[in-house]
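As the structure is a prediction and not an experimental result, all values here were calculated from the model. Quick note: residue numbers are just sequence positions, from 1. Quick note: numbers below take in every heavy atom, side chains included, and nothing from hydrogens, waters or symmetry partners.
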Amino acid sequence: MQEAKQKEDFDFEKSSDKQKSCVLKKTSSLTKSEFTKLFYLWNKKNLWYIQSSFSVLYNLHAEAIKAENKSYVKQNKLFSKIATYILENYSSPAINVTDIANHAGISEVHLRRIFKSAVNTTPVKYINYLRLEKAKNMLINSNYSVNEIAFSVGFEDAYYFSRLFKKEIGISPSEYKKTN
């Protein structure tokens with residue numbers, strides 16, 4: 001009795017249009033045809049139906065992986081576009097999350113999610129990291145003062161730059177310059 005009920009529940013042909021649309025709502029035409037084939041194979045119980053069903057399931061699995069990879073590649077391209085924009089503009093004190101999101105054509109919330117997913121940090125911390133790396137390089141390879149370096153890498157406040165540098169690097173910018 002229960003087996004007959006399970007067969008009926010699994011009978012795609014007897015499913016209502018609403019149920020079919022829920023199952024096939026956001027799937028490709030290949031996926032839809034594979035699901036239809038799977039339901040047909042399973043219900044007809046032809047010779048080799050189990051092996052044939054597994055074959056269809058493998059195809060569906062491959063389709064799902066392809067779809068997931070498309071999403072990943074799309075996110076990766078978007079992050080690459082954003083990172084390029086930041087690299088070109090990090091030394092501008094005016095760069096901010098709103099400008100970056102507008103440039104990418106996404107919301108600030110989505111921008112933050114992309115950063116969290118791609119580099120496990122926030123956009124502001126990423127910008128500060130780039131600024132500090134450039135500042136470290138300039139401290140070693142130039143004769144500019146700490147104030148000049150702070151302004152040239154995008155900090156509007158040299159005191160804030162020094163505090164952040166010491167917090168992140170462990171020593172003050174002037175000590176870093178002396179030791180390197």
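By the 4.0 Å N-to-carboxylate-O rule, K136 lies close enough to E133 to be salt-bridged with it.
The distance from the CG atom of N143 to the NZ atom of K177 is 6.0 Å, given to the nearest 0.5 Å. With values rounded to the nearest 0.5 angstrom, I114 atom CD1 is found 10.5 Å from K81 atom NZ. Rounded to the nearest 0.5 angstrom, S174 OG and K166 NZ are separated by 9.0 Å. The CG atom of N89 sits 9.0 Å away from the CD1 atom of I86 when rounded to the nearest 0.5 Å. To the nearest 0.5 Å, atoms CD1 (I169) and CD (E175) are separated by 12.5 Å.
For the pair N96 (side chain) and D99 (backbone), a donor-acceptor distance under 3.5 Å is present. At least one donor-acceptor pair under 3.5 Å links the side chain of R131 to the backbone N or O of Y90. A donor-acceptor contact shorter than 3.5 Å links the side chain of T179 to the backbone of Y176.
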Next item on the list: Any chance you could lay out the side chain to side chain contact (heavy atoms under 4.5 Å, CB included) test for K178 and I171, step after step, and finish with the verdict?
Entry: CA-CA 11 Å; K178 287 176 190 171; I171 57 175; over 6 Å; no
Notebook entry, point to check: Should E148 and M138 be marked as a side chain to side chain contact (heavy atoms under 4.5 Å, CB included) after you check the CA-CA gap, both sets of side-chain angles, and the distance that decides it?
Noted result: CA-CA 10 Å; E148 290 171 323; M138 290 179 75; over 6 Å; no
Check: Yes or no on side chain to side chain contact (heavy atoms under 4.5 Å, CB included) for F165 and V146, after CA distance, side-chain angles and deciding distance?
Finding: CA-CA 11 Å; F165 192 96; V146 171; over 6 Å; no
Next item on the list: Show the numbers, then the answer: is there a side chain to side chain contact (heavy atoms under 4.5 Å, CB included) between L132 and F161?
Entry: CA-CA 8 Å; L132 291 175; F161 164 71; 3.9 Å; yes
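Cluster annotation: I95 and Y129 are assigned to the same hydrophobic cluster (Ile/Leu/Val/Met/Phe/Trp/Tyr, side-chain heavy-atom contacts under 4.5 Å, transitive). Linking ILVMFWY residues whenever their side-chain heavy atoms come closer than 4.5 Å, directly or via other members, leaves Y160 and V97 in distinct clusters. V124 is not connected to L164 by any chain of hydrophobic side-chain contacts under 4.5 Å among Ile, Leu, Val, Met, Phe, Trp and Tyr, and they are in different clusters.
For F79 and F115, the distance between ring centers is under 6.0 angstrom. Annotation: F151 is not in aromatic contact with F155 [ring centroid separation under 6.0 Å not met].
With a 4.5 Å cut-off on side-chain heavy atoms, I127 and I100 count as touching. Two residues are said to be in side-chain contact when any heavy atoms from C-beta on lie closer than 4.5 Å; K116 and R112 fail this criterion.
Here the closest non-hydrogen pair linking A150 and A158 is CB-CA, 4.0 Å. L111 approaches A101 most closely through the heavy-atom pair CD2-N, 4.0 Å. The two residues S91 and S152 have their closest heavy-atom pair at CB-O, 3.5 Å. Scanning all heavy atoms of the two residues, the minimum distance from A104 to I82 falls at CB-CG1, 3.7 Å. For the pair I149 and S142, the tightest heavy-atom approach, listed with the atom from each and the gap, is CD1-OG, 4.1 Å.
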